[in-house]
Amino acid sequence: MSPHHDARLPLAFIPPGEEVRLAGLGDEIDALQREQLTAYGLAENRPLRVLQQKPMTVILAEEVELALEHSVARHIWVVR
Amino acid sequence: MNTSTAPAILLVGHPNVGKSVLFHRLTGAYVNVSNYPGTTVEVTQAPARFDASATLLDTPGVLALPSRSDDERATMRALLNETSRCLVQVGDAKNLRRTLTLTALLAELGVPMVLALNMHDEAMARGVTVDIPALAEELAIPVLATVATGGEGMGELTSSIARAAVPDPLLHYDPLLEEEITLLAAAIATHAPHPSLAARGLAILFLGNDTEVDSWLRQHAGPAYAQLDALRRAASQRAEEDLPGLLARQRTEAADALATSVSQRAVRSSPLLAQRIGQAVVHPLWGIPILLGVLYAVYLFVGVFGATTLVGLLEEDLFDGILNPAVTDFVTTQIGNNGLSDLLVGQYGLWTMGMTYALALILPIVSTFFIAFGILEDSGYMPRLSVIANRIFARMGLNGRAVLPMVLGLGCVTMATLTTRILHSPRERLITIFLLALAIPCSAQLGVVLGMLGGVSFSALLVWALAMVGVLFLSGFLAARLVPGRRIPLVTELPPMRLPIAGNVLKKTTGRLKWYLIEVIPLFLIGTFLMYLLDRLGILPAIIEAGEPLVSGWLGLPKEASAAFVMGFLRRDFGATGLFMLADALSPVQAIVGMITITLFVPCFASLLMMIKERGLKTGLAMLAIIVPFAFLVGGLCNLVLTALW
């Protein structure tokens with residue numbers, strides 16, 4: 001794995017309160033749901049703030065608050 | 001479909017950005033408005049207040065185009081089938097990037113546009129400022145700030161509609177994609193030109209696999225459709241990645257760039273109070289106590305105030321004490337004691353049974369429920385409830401989004417069946433409709449159950465509730481394993497928490513009550529009339545005799561309870577009320593068994609029709625064929641267990 005990839009972390013592992021940037025959406029996420037996430041504003045390089053991780057991952061993307069199941073958040077790659 | 005011939009003004013935009021409030025401001029017509037996405041499920045039209053010749057269309061919110069969901073397809077059909085005078089894109093001022101991502105596609109349609117940046121007040125509170133003149137110049141269309149709930153910017157909006165202009169494109173796709181788009185647009189312009197939409201816009205949507213555009217082109221291009229499809233397949237093969245995703249990404253990047261150049265965001269040191277509350281209600285620690293508090297408040301309002309205080313005032317004091325004796329006296333004085341007076345004021349009288357049930361027993365319960373539901377909807381709590389409930393719903397093959405129709409089902413199952421359209425897959429809709437039809441009692445029925453079992457004992461009520469929850473989870477668990485397809489994980493937007501506006505809650509409650517009463521009163525009257533006829537013709541005693549082995553033998557109820565099940569075929573609450581009338585003759589076990597069976601028993605006639613409308617005749621009848629024997633099976637088993645234990 002390249003150093004670039006080493007820096008990428010799954011969104012589900014980021015503690016609440018941290019701000020990260022979106023690095024990519026994993027292929028494991030269903031194509032339709034990937035489109036849906038992009039439409040919500042989850043595009044590469046956009047900043048995201050993690051609000052909480054339990055019972056679901058809740059993030060703030062611009063001013064859109066989104067709740068995501070961990071099964072989805074595990075395949076969303078972010079960089080600090 | 002717009003029934004007038006004049007070109008229409010279409011309101012389009014993301015879900016929950018205030019299109020329906022704006023529609024109300026511009027037309028005076030009321031569309032159901034809520035603080036969660038997906039409230040508008042169909043296109044609504046009304047004449048504009050500001051121009052008698054203009055018709056406005058409110059479209060369901062689109063998360064993105066090309067269309068993927070039912071809501072998006074309905075909006076796309078409106079764009080394809082209506083002759084558009086102009087599009088008014090309603091956007092969320094505080095989420096400019098997202099708004100402009102949709103603008104990037106709408107701008108390609110070649111229709112005059114206006115961009116209304118709504119919820120400007122919320123944007124300001126969050127420190128978001130937009131350089132509106134600069135944005136208007138970039139897009140070459142009128143852009144304005146509005147606060148639809150407060151009526152701000154409405155005058156400017158109506159004058160902007162007159163100045164609507166075809167926007168400049170927001171982006172040029174990369175050269176290879178541009179080549180494919182140009183080629184396809186030329187073919188569309190030749191073989192299937194659209195009367196108002198630009199061929200380039202249709203080409204982009206077709207390349208993005210929009211099913212509505214696909215059907216439209218298939219229908220209008222005739223044999224040349226094969227050529228269009230071949231161009232799309234060739235473009236897909238040449239793209240190194242998923243073509244719809246590639247197009248969407250380039251639009252997003254262009255929207256990002258434009259949003260960055262025309263907006264600023266002040267750094268806030270702490271979140272707003274509404275954001276803090278929003279986070280607290282889904283907090284792993286605080287979320288559950290808050291939920292229990294909300295449920296208790298709803299119980300106090302609906303269960304105690306509605307089902308006890310108001311029902312007591314209306315049924316006992318007004319109807320039994322004043323109205324019914326007066327009406328009975330009047331009728332018997334005027335027409336004497338005969339068949340007709342029996343039909344009006346007898347045991348199965350249209351007034352003494354039908355209207356008394358509908359107005360004195362049911363109306364106060366559903367009114368208080370719809371008020372409580374409206375407040376929860378407008379506060380933004382409902383989508384957060386879906387986060388809390390997600391884990392439980394996952395075990396039923398669903399995700400937390402299904403909590404919305406389930407909770408609404410506690411008000412009216414028929415209305416809730418229609419609301420299952422907010423669910424994303426046919427599998428989720430099928431399971432939810434089945435569970436609604438089987439195990440979710442509507443507020444009217446719930447009121448009767450509370451009234452009857454509450455009178456027996458708290459433990460009787462608890463046994464009934466546990467049986468319902470058990471059946472709900474068991475049947476959901478089985479349905480999740482038997483219905484083919486996979487579960488879709490929950491991804492949901494959490495709209496800002498807002499203080500509900502009393503006027504909106506009341507309008508919504510009035511609209512729902514009107515809908516409910518139009519449905520319920522005729523059915524109650526028809527049901528009462530049928531009961532009267534069956535009784536007069538001597539059929540009711542025959543049915544009671546015929547049902548005896550099942551009703552008395554298996555369920556352990558008095559044979560007269562058969563009449564309640566006959567009534568239950570029309571409405572479950574009507575059937576439950578029938579059992580309620582027998583309450584004095586029932587033991588605690590009989591009361592519990594009767595209420596469990598009637599709650600699980602057939603969904604009311606109106607919701608059966610809605611099930612058939614939404615899922616087809618075959619599925620509707622199949623559900624019925626499962627539910628009726630299942631209700632008697634569970635009722636009988638409860639009878640065996642409770643008789644042994646009680």
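In the text below, chain A, chain B and the rest are named by the order of the sequence lines, each starting its count at 1. Heavy atoms only: backbone and side chains are in, while hydrogens, waters and symmetry mates are out.
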Quiz prompt | Heavy-atom proximity to chain B below 4.5 Å, by part of Gln53(A) | solution = neither
Practice problem: Could you tell me whether Gln264(B) atom CD has more than 12 heavy atoms of other residues or ligands within 6.0 Å of it? | Solution: no
Quiz item: Given that the side chain runs from C-beta out, which part of Leu37(A) has a heavy atom under 4.5 Å from chain B: side chain, backbone, both or neither?
Solution: side chain
Self-check item: Contact origin within Arg34(A) toward chain B - heavy atom pairs under 4.5 Å
Solution: neither
Quiz item: Is there a side-chain contact between Pro496(B) and Gln275(B), using heavy atoms and a 4.5 Å cut-off?
Solution: no
Practice problem: Measure Leu68(A) against the heavy atoms of chain B and call it side chain, backbone, both or neither at under 4.5 Å. | Solution: both
Practice problem: Give, as side chain, backbone, both or neither, the part of Arg97(B) having an atom under 4.5 angstrom from any heavy atom of chain A. | Solution: both
Practice problem: Determine the option with the most heavy-atom pairs under 4.5 angstrom with chain B, choosing from Glu44(A), Glu69(A), Gln36(A). | Solution: Glu69(A)
Exercise. State plainly whether the residues Arg73(B) and Asp210(B) are in salt-bridge range, i.e. N to O under 4.0 Å.
Key: no
Exercise. Measure Asn95(B) against the heavy atoms of chain A and call it side chain, backbone, both or neither at under 4.5 Å.
Key: both
Self-check item: Ion pair check, Arg401(B) and Glu428(B), cut-off under 4.0 Å
Solution: no
Quiz item: Does Arg276(B) offer a backbone N or O that forms a donor-acceptor pair with the side chain of Gln279(B) under 3.5 Å?
Solution: no
Quiz item: So, do Arg427(B) and Arg487(B) sit near enough that their side-chain heavy atoms are less than 4.5 Å apart?
Solution: yes
Practice problem: Check whether any side-chain N or O of Thr99(B) sits under 3.5 Å from a backbone N or O of Asp92(B) as a donor-acceptor pair, and report yes or no. | Solution: yes
Exercise. With a 4.5 angstrom heavy-atom cut-off, could you sort out which part of Val62(B) is near chain A: side chain, backbone, both or neither?
Key: neither
Self-check item: Between Thr57(A) and Gln52(A), a side-chain donor and acceptor under 3.5 Å
Solution: no
Practice problem: Pick one of side chain, backbone, both or neither for Glu62(A), based on which atoms fall under 4.5 Å of a heavy atom in chain B. | Solution: both
Practice problem: Answer yes or no: is there a donor N or O on one side and an acceptor on the other, between the side chain of Gln33(A) and the main chain of Pro489(B), under 3.5 Å? | Solution: yes
Quiz prompt | Salt-bridge criterion met for Arg98(B) and Glu63(A) (N-O under 4.0 Å) | solution = no
Quiz item: Which heavy-atom pair separates Thr101(B) from Arg46(A) by the least distance, and what is that distance?
Solution: OG1-NH2, 4.3 Å
Quiz item: Using non-hydrogen atoms only, which part of Val58(A) is less than 4.5 Å away from chain B: side chain, backbone, both, or neither?
Solution: side chain
Quiz item: Any side-chain heavy atom of Met56(A) sitting closer than 4.5 Å to one from Val491(B)?
Solution: no
Quiz item: Is there a donor-acceptor pair under 3.5 Å between the side chain of Arg395(B) and the backbone N or O of Arg391(B)?
Solution: no
Quiz item: In terms of heavy-atom proximity below 4.5 Å to chain B, should Leu32(A) be classed as side chain, backbone, both, or neither?
Solution: side chain
Exercise. Residue by residue, scan residues 12-22 of chain A and write down, ordered by number, those that have a heavy-atom distance under 4.5 Å to chain B; if none do, write 'none'.
Key: none
Practice problem: Show your working on salt bridge (charged side-chain N to carboxylate O under 4.0 Å, His left out) between Glu122(B) and Arg498(B) and close with a plain yes or no. | Solution: CA-CA 10 Å; Glu122(B) 287 187 0; Arg498(B) 296 182 182 125; 2.6 Å; yes
Quiz prompt | Residues of residues 246-259 of chain B contacting chain A, heavy-atom criterion under 4.5 Å, by residue number | solution = Thr252(B), Asp256(B)
Self-check item: Contact leader toward chain A among Leu96(B), Leu285(B), Val282(B), where contacts are heavy-atom pairs under 4.5 Å
Solution: Val282(B)
Self-check item: Proximity breakdown for Ala73(A) and chain B, heavy-atom pairs closer than 4.5 Å
Solution: neither
Exercise. Give a yes or no on whether His14(B) atom NE2 has more than 12 heavy-atom contacts from other residues, nucleotides or ligands under 6.0 Å away.
Key: yes
Quiz item: Would you say the side-chain atoms of Glu65(A) pair up with the backbone N or O of Pro495(B), donor to acceptor, closer than 3.5 Å?
Solution: no
Practice problem: Give the member of Gly41(A), Ala39(A), Ala67(A) that has the highest number of heavy-atom pairs under 4.5 Å with chain B. | Solution: Ala67(A)
